[in-house]
Q: 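Dropping the structure in here first, questions after.
Throughout, protein chains are lettered first and strands after them, A, B, ... in sequence-line order, and every chain is numbered starting at 1. Keep in mind the model is a prediction, meaning the values are calculated, not measured. Scope of the values below: all heavy atoms of this structure, side chains included, with no hydrogens, waters or symmetry mates.
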Number of protein chains: 2
Amino acid sequence: MNAKYISIYHKLIEQIEKGIYSVGSKIPSEKCLMEQFDVSRDTIRKSLQMLEQNGYINKVKGKGSFILDTAKFNFPVTGLISFKELSAQIGRTAETIVEKLELKKPSKFIKEQLLIDDETSIWKVIRSRKIDGKKIILDKEYYNGKYVEKLSREICEGSIFDYIENTLSLNIGFAKKEIVVQTCNEDDRKYLDLDGYDMVVVVNTFVYLDDGSLLQYGQSRHRPDKFKFVDFARRIQQNI
Amino acid sequence: MNAKYISIYHKLIEQIEKGIYSVGSKIPSEKCLMEQFDVSRDTIRKSLQMLEQNGYINKVKGKGSFILDTAKFNFPVTGLISFKELSAQIGRTAETIVEKLELKKPSKFIKEQLLIDDETSIWKVIRSRKIDGKKIILDKEYYNGKYVEKLSREICEGSIFDYIENTLSLNIGFAKKEIVVQTCNEDDRKYLDLDGYDMVVVVNTFVYLDDGSLLQYGQSRHRPDKFKFVDFARRIQQNI
DNA sequence: GGCAATTTGTTCGTATGTATT
DNA sequence: AAATACATACGAACAAATTGC
């Protein structure tokens with residue numbers, strides 16, 4: 001079903017992770033891979049481009065494609081260290097608590113964020129994330145009721161995005177995230193185990209559908225000592 | 001000199017920023033752009049791919065390529081809001097102060113970070129960034145002496161990376177950044193105007209050369225209220 | 001619902017340019 | 001200087017999604 005270049009991309013990742021090619025060494029040349037997978041050069045180049053974009057290899061003209069030390073880039077090469085991975089890494093019990101779930105008319109602020117009119121309702125979901133008995137992340141999310149007609153507690157306890165993509169068959173296109181640090185507010189104190197910290201890391205997220213319409217505005221509020229964001233960049237714009 | 005697809009990419013950005021295509025509307029189809037620029041489809045598709053990766057457009061199969069509201073993604077679509085841009089945005093005076101510059105043998109920690117042996121010296125640079133009379137960013141950087149033989153105060157007052165790329169002709173390949181939040185240390189208190197804050201946002205940066213060797217390890221320490229990081233993502237991995 | 005036209009996605013082939021060894 | 005490896009560019013064909021008739 002999938003495109004050839006994507007399945008080759010996954011096969012190459014598998015080989016890299018198995019350690020078939022050692023870090024710092026080269027993967028076979030494009031010509032060699034063409035023969036190995038019996039595809040055209042175009043297809044191989046697309047696979048390699050994906051590997052490069054995701055931080056697995058570094059291509060150098062005239063030399064070859066070098067394996068990078070992805071092991072050192074512990075998991076998601078770019079992105080927030082998610083709750084799931086965080087707990088998996090620590091190897092402790094993790095839990096999602098649905099603190100609030102309601103369908104309501106949007107406030108002025110949310111109306112501005114989600115760019116909706118007065119008639120549209122929105123789903124407001126508040127969830128806290130517990131690791132090792134302590135609530136360390138507070139997620140507030142607002143979904144455009146135009147696209148998400150129904151939400152249940154059960155869905156919120158699992159993955160809302162699975163539900164949106166698989167059950168509702170909506171195609172998520174892209175997202176914008178913004179990381180800032182703020183002083184704690186009332187809700188943070190109410191829902192989180194702050195252990196004396198008076199600041200939280202706030203990740204504002206805007207999730208758009210395929211067609212450019214805004215599906216979700218969310219705020220993820222993290223206890224500062226449990227927060228980590230990793231970015232892998234190919235083009236570097238240095239500060240001054 | 002440059003590739004066609006790159007110059008077309010820049011031309012299209014220019015047109016988008018001029019507002020020739022309005023937000024939410026489509027840019028001309030690939031076929032149309034082929035004729036307009038008198039190039040092959042392959043070339044146009046490469047240009048469009050760059051536009052998509054950098055958050056200018058959203059491509060939808062069967063429909064076309066839609067202009068995104070880049071104006072709302074104020075400046076670098078992905079990346080740290082740099083000191084330069086921060087000050088430009090605020091429209092205030094900005095200043096770089098070189099607090100320390102020395103060539104020395106690495107400490108154990110730096111030796112581990114830069115992966116160097118006992119013989120190699122490293123350049124240690126400490127710079128603070130002042131906006132509107134207040135020091136809000138503290139940059140500590142360590143350069144592998146093997147690649148950077150000479151550094152001067154003058155270079156540090158300007159752009160070290162310009163010097164590395166243009167004067168030393170080293171090719172920077174990629175970088176890894178890691179954002180965490182920490183309690184202030186002595187140096188933060190010594191060099192920064194913290195205004196009562198007791199935490200800083202720490203951006204750890206590892207900059208690699210083309211061939212995969214590590215050039216720089218840096219720590220950028222920001223006053224929490226002046227920090228902002230923006231991320232534009234096409235593939236979204238949702239937390240749980 | 002079906003069909004044709006349009007638009008982007010995937011794959012193949014070929015040729016030439018540029019950097020490295 | 002020659003061989004190797006990646007980069008750019010062109011052309012062609014078919015697939016898949018969308019839109020309008």
Side-chain angles (χ1 to χ4, degrees), chain A residues 1-12 21 24-53 56-68 165 169-174 209-213 234-235, chain B residues 1-12 21 24-53 56-68 165 169-174 209-213 234-235:
Chain A
M1 184 72 261
N2 257 346
K4 282 188 191 176
Y5 73 94
I6 293 176
S7 75
I8 292 176
Y9 162 72
H10 288 299
K11 279 177 196 160
L12 289 173
Y21 315 118
S25 72
K26 289 190 285 190
I27 59 172
S29 73
E30 293 176 355
K31 188 159 166 282
C32 182
L33 291 170
M34 279 169 69
E35 288 159 10
Q36 207 178 110
F37 289 100
D38 192 30
V39 292
S40 73
R41 177 139 181 253
D42 190 52
T43 303
I44 292 295
R45 283 183 60 76
K46 278 182 186 161
S47 308
L48 295 188
Q49 195 189 26
M50 287 184 75
L51 285 175
E52 179 168 47
Q53 280 172 355
Y56 288 96
I57 61 169
N58 186 37
K59 301 212 276 178
V60 183
K61 191 197 281 196
K63 283 189 177 177
S65 298
F66 297 86
I67 311 285
L68 296 182
E165 291 216 281
S169 297
L170 295 171
N171 294 319
I172 290 162
F174 53 96
L209 293 176
D210 231 2
D211 62 358
S213 55
R234 299 222 85 90
R235 288 171 299 285
Chain B
M1 183 71 259
N2 257 345
K4 280 188 191 176
Y5 74 94
I6 293 177
S7 74
I8 292 176
Y9 162 71
H10 288 299
K11 279 177 196 159
L12 289 172
Y21 316 118
S25 72
K26 290 189 285 191
I27 59 171
S29 73
E30 293 175 356
K31 189 160 167 278
C32 183
L33 291 169
M34 279 169 70
E35 288 159 9
Q36 209 179 108
F37 289 101
D38 192 30
V39 292
S40 73
R41 180 148 175 244
D42 189 53
T43 304
I44 292 295
R45 282 184 62 76
K46 278 183 190 159
S47 309
L48 295 187
Q49 196 189 24
M50 287 184 74
L51 285 174
E52 180 169 46
Q53 280 173 355
Y56 287 97
I57 61 170
N58 186 38
K59 302 212 276 175
V60 184
K61 190 199 280 198
K63 283 189 174 178
S65 300
F66 297 86
I67 311 285
L68 297 181
E165 290 217 282
S169 298
L170 295 171
N171 293 321
I172 290 162
F174 52 95
L209 293 176
D210 229 1
D211 62 358
S213 54
R234 299 221 86 90
R235 288 171 301 283

Q: Go through it in stages, so that I can follow the logic: the residues are A:Gln49 and B:Gln49, the test is side-chain contact (heavy atoms from CB on, under 4.5 Å), and I'd like the CA-CA distance, side-chain angles, deciding distance and then a yes or no.
A: CA-CA 12 Å; A:Gln49 195 189 26; B:Gln49 196 189 24; 3.4 Å; yes
Q: Take atom CZ of B:Arg45 and atom C1' of D:dA13, then tell me their distance rounded to the nearest Å.
A: 14 Å
Q: With heavy-atom distances below 4.5 Å as the criterion, would you say the side chains of A:Lys46 and A:Asp42 are in contact?
A: yes
Q: Does B:Thr43 reach the main-chain N or O of B:Tyr5 with its side chain, forming a donor-acceptor pair under 3.5 Å?
A: no
Q: Begin with the C-alpha distance, continue with both residues' side-chain angles, and end with the deciding distance and a verdict on side-chain contact (heavy atoms from CB on, under 4.5 Å) for A:Leu33 and A:Leu12.
A: CA-CA 10 Å; A:Leu33 291 170; A:Leu12 289 173; 4.3 Å; yes
Q: How close or far is atom C1' of D:dT4 from atom CG of A:Leu33, stated in whole angstroms?
A: 15 Å
Q: From the options C:dT8, D:dA7, C:dT11, select the nucleotide whose nearest atom is closest to the side chain of B:Lys61.
A: C:dT8
Q: Could you pick out which residue, A:Lys46 or A:Val60, lies toward the 5' side of DNA chain C when each is mapped onto its nearest nucleotide?
A: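 Closer to the 5' end of DNA chain C: A:Lys46.
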Q: Evaluate the criterion side-chain contact (heavy atoms from CB on, under 4.5 Å) for residue pair B:Phe37 and B:Lys4; output intermediate values, then yes/no.
A: CA-CA 10 Å; B:Phe37 289 101; B:Lys4 280 188 191 176; over 6 Å; no
Q: Provide the Watson-Crick or G-U wobble partner of D:dA1, both distances under 3.5 Å; none if there is no partner.
A: none
Q: What is the distance, rounded to the nearest whole Å, between atom CZ of B:Phe66 and atom C1' of C:dT8?
A: 11 Å
Q: Grab the NZ-C1' distance between B:Lys59 and D:dT18 for me, whole Å please.
A: 16 Å
Q: Separation of B:Asn171 atom CG from D:dC6 atom P, in whole Å?
A: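 Rounding to the nearest Å, CG of B:Asn171 and P of D:dC6 are 17 Å apart.
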Q: Ignoring hydrogens, what is the shortest heavy-atom contact between B:Lys59 and B:Leu48? Give both atom names and the distance.
A: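 Minimum heavy-atom separation between B:Lys59 and B:Leu48: NZ-CB, 4.0 Å.
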Q: Given side-chain contact (heavy atoms from CB on, under 4.5 Å), test A:Ile67 with A:Lys26 step by step and report yes or no.
A: CA-CA 6 Å; A:Ile67 311 285; A:Lys26 289 190 285 190; over 6 Å; no
Q: What's touching nucleotides 10-12 of chain D from the protein side, N or O pairs under 3.5 Å?
A:
| from | atom 1 | to | atom 2 | distance (Å) |
| --- | --- | --- | --- | --- |
| D:dC10 | OP1 | B:Lys4 | NZ | 2.5 |
| D:dC10 | OP2 | B:Ser40 | N | 3.0 |
| D:dC10 | OP2 | B:Ser40 | OG | 3.2 |
| D:dC10 | OP2 | B:Thr43 | OG1 | 2.6 |

Q: Without decimals, in angstroms, what is the distance between A:Lys63 NZ and D:dC6 P?
A: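 My rounded result for the distance is 12 Å.
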Q: Which whole-number value in Å describes the distance from A:Tyr5 OH to C:dG9 C1'?
A: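 Those two atoms, OH and C1', are 7 Å apart.
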Q: When the distance from CD of A:Gln49 to P of C:dT10 is rounded to whole Å, what number comes out?
A: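 My rounded result for the distance is 11 Å.
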